[in-house]
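These notes are about the structure you will find just below.
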Number of protein chains: 2
Amino acid sequence: MSQGEPGIELDTSLGYMLKAAASALHSALEAVLRPLGMTITHYSCLELLAQRPGLSNSELARGAFVTRQSMNVLLQALERQGLVVRPAQAPVGRALPTELTARGRRQLKVASAAVRRVEQDMLANLNAGEQDQMRRLLTACIASLTEPPASAT
Amino acid sequence: MSQGEPGIELDTSLGYMLKAAASALHSALEAVLRPLGMTITHYSCLELLAQRPGLSNSELARGAFVTRQSMNVLLQALERQGLVVRPAQAPVGRALPTELTARGRRQLKVASAAVRRVEQDMLANLNAGEQDQMRRLLTACIASLTEPPASAT
DNA sequence: TGACTCATGTCAGCAGTCTGACATACCTTT
DNA sequence: AAAGGTATGTCAGACTGCTGACATGAGTCA
C-alpha cells in the first residue's frame, strides 16, 4: 500500500497534531510501563498520591483524566495489591483520603524513573525557552477548551 | 474535599500538560460529536477518507491512532450504515481501498463544521505565530518520541 | 428546620479498543 | 524458482473506561 508514504498530511490541524503527540507519548509510556506490570492510569494514580497524599477517589480521577467510576475500580485493585490504603470510614463527608503504602512508593520509584526518561526523550530537542513556550501554549489551549462560557454573555 | 482547589499542580511536567490538553480536546470533541451519533474515531475515519480517498483499513488505523483491528470493526459498521464502500476484492495485494459514499460525505460535512468550531475555540487566544510555534513544538516532540533509535549507535 | 443543590462512593451494564492468532498477497534474497 | 520477511484483512477473547443509576454526606437558602 504505497509503502513509502511519508505519512498523512492533515498536518495543518493543531487538533490532529495534538492528538498525534498525545498518542505517541501514550505509546511510549505504555511501552516502558508494561514490563513493570503497570498501566498509565495505574502509574498516574500513584504519582498523584505521591505528590498529593490524601487525595480522594474523585480527585484522583480528575487528575488522571478518567471518570471516578474507573478510578474506583483501579483503587480497589491497588488496595488489594497493597499499594495504597484507604480508611474504612470517611473522616469527613464521603471522601476517603488515599495514601501510598511503602510498597506503593517502591513501585512508583521505578516507574517514575522510566516515565521521566520518556519525557526527557520527548523534549530532547527543545531548549528551556521552547519548553516554557510549550507550557504557555498548552495552558492557553486547555483554558480555552474548559472555559468556553466566556464567549457570549 | 477542598473544593475550592485551583487544580493539581504537576504543572511543570510537559507530559502531563500534553495529556491534559489532549483530554480536554477529546472531551470537547465527544461533546459535539455525540449528538450527531458519532465517536471521535468514527469522525476521524470519515475525515481521513475525505482528504485521502482510497485509504486502506491499516492506513486509516494509523491515521486515527488505533489498531487495524479496531478500525476494521469500525469500517464494517460504517459499511453497514452505508457511509463508506469497499470493493469485495483487493485490486492489488490485500488492501481494500475505502471510499466515502454520498451519505458519508453528508454526515462528515456536519461533523466537520462542529469539529472545526472546537479547534477554533481551542486556538482562540493564540495568534498565527503562536500557532506556528505550537506546530513546530509538537512536531519536534512527535519526532523525538517516534525515532528514539537516534540515541546509541 | 426543611428543601434544594452539589459532591462523593459504588454497583451494574455497555461500548470501544486492545492483544493474540491465522491466512493471504507482495517483495525481497538466495 | 524457492524461501523468508513484511504488510494486510479478519476473527475471537479480554480488558479498560464510560454511561446510567442510586444512596449518602455536606453546604445553601428560604
Side-chain angles (χ1 to χ4, degrees), chain A residues 1-5 7 19 22-23 26-31 33-35 37-45 54-81 84-98, chain B residues 1-5 7 19 22-23 26-31 33-35 37-45 54-81 84-98:
Chain A
M1 229 344 62
S2 47
Q3 305 164 18
E5 226 171 40
K19 186 173 176 181
S23 173
H26 188 91
S27 296
L29 288 177
E30 264 186 342
L33 290 177
R34 181 188 317 276
M38 307 173 66
T39 66
I40 296 181
T41 308
H42 177 143
Y43 158 74
S44 300
C45 180
L55 283 189
S56 72
N57 174 38
S58 289
E59 290 171 321
L60 287 168
R62 283 191 290 271
F65 310 108
V66 297
T67 62
R68 66 186 195 277
Q69 291 91 332
S70 298
M71 182 54 73
N72 189 37
V73 173
L74 174 61
L75 272 185
Q76 289 174 3
L78 296 183
E79 216 171 355
R80 268 195 306 276
Q81 297 174 41
V84 305
V85 286
R86 280 194 294 179
Q89 248 189 346
V92 55
R94 299 206 68 199
L96 301 174
T98 313
Chain B
M1 228 350 57
S2 50
Q3 303 166 21
E5 227 171 39
K19 187 172 176 181
S23 173
H26 189 89
S27 296
L29 289 177
E30 265 187 343
L33 290 176
R34 182 188 316 276
M38 307 173 66
T39 66
I40 296 181
T41 308
H42 176 144
Y43 157 74
S44 299
C45 179
L55 283 190
S56 72
N57 174 38
S58 289
E59 289 172 321
L60 287 168
R62 283 191 289 269
F65 310 108
V66 296
T67 62
R68 66 186 196 279
Q69 291 91 330
S70 297
M71 182 55 73
N72 189 38
V73 172
L74 174 61
L75 272 184
Q76 289 175 3
L78 296 183
E79 217 171 353
R80 269 195 306 275
Q81 298 175 39
V84 306
V85 287
R86 281 194 294 180
Q89 249 190 347
V92 56
R94 300 208 68 199
L96 301 174
T98 313

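None of the values given here were measured: they were computed from a predicted structure. Just so we're on the same page: letters track the sequence lines, and every chain starts at 1.
- For A/Ala90, the side-chain contact (heavy atoms from CB on, under 4.5 Å) partners are A/Leu96, not counting sequence neighbours.
- Residue A/Arg94 places no side-chain atom within donor-acceptor reach of the base of D/dA26, judged by atom type and a 3.5 Å distance cut-off alone.
- Considering every non-hydrogen atom in both B/Pro35 and B/Glu30, the closest pair reads CD-O, 4.4 Å.
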Give the table of side-chain donor-acceptor pairs shorter than 3.5 Å for residues 69-76 of chain B, with sequence neighbours excluded, one pair per line with atom names and distance.
{"residue": "B/Ser70", "atom": "OG", "partner": "B/Thr67", "partner atom": "OG1", "Å": "3.1"}

What are the atom names and distances for every N/O pair under 3.5 Å that joins the protein to nucleotides 13-19 of chain C?
{"residue": "C/dT17", "atom": "OP1", "partner": "B/Thr41", "partner atom": "OG1", "Å": "2.4"}
{"residue": "C/dC18", "atom": "OP2", "partner": "B/Thr67", "partner atom": "N", "Å": "2.8"}
{"residue": "C/dC18", "atom": "OP2", "partner": "B/Thr67", "partner atom": "OG1", "Å": "3.1"}
{"residue": "C/dC18", "atom": "OP2", "partner": "B/Ser70", "partner atom": "OG", "Å": "2.8"}

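- Separating the CD atom of B/Gln76 from the P atom of D/dA12 is a distance of 11 Å, rounded to the nearest angstrom.
- Whole-Å rounding puts the A/Leu75 CG to C/dT10 P distance at 9 Å.
- For B/Leu55 and D/dT8, the CG to C1' distance is 14 Å, given to the nearest whole Å.
- Residues meeting the salt bridge (charged side-chain N to carboxylate O under 4.0 Å, His left out) test with A/Arg68, sequence neighbours left out: none.
- Legend: residues meeting side-chain contact (heavy atoms from CB on, under 4.5 Å) with A/Val85, ordered by chain and number and at least two apart, are A/Glu99, A/Thr101.
- Atom P of nucleotide D/dG17 and atom CZ of A/Arg62 are separated by 18 Å, given to the nearest angstrom.
- Remark: B/Arg94 pairs with no residue by the salt bridge (charged side-chain N to carboxylate O under 4.0 Å, His left out) rule, at least two apart or across chains.
- Take A/Ala77 and apply the side-chain contact (heavy atoms from CB on, under 4.5 Å) test, not counting sequence neighbours, and it matches A/Arg80, A/Gln81.
- Of the possible polar contacts, none joining the A/Ser23 side chain to the A/Lys19 backbone as a donor-acceptor pair under 3.5 Å is found.
- Taking only side-chain nitrogens and oxygens, A/Asn72 comes nearer than 4.0 Å to OP1 or OP2 of C/dT10.
- Direction change of the helix axis from one end of the helix from C/dT1-D/dA30 to C/dT30-D/dA1 to the other is 40°, with five pairs defining each end axis (rounded to 10°).
- Residues meeting the salt bridge (charged side-chain N to carboxylate O under 4.0 Å, His left out) test with A/Glu79, sequence neighbours left out: A/Arg86.
- Between A/Asn57 and the phosphate of C/dT8, there is no side-chain N or O to OP1/OP2 separation shorter than 4.0 Å.
- One can place NZ of B/Lys19 at 12 Å from C1' of D/dG17, the figure rounded to the nearest angstrom.
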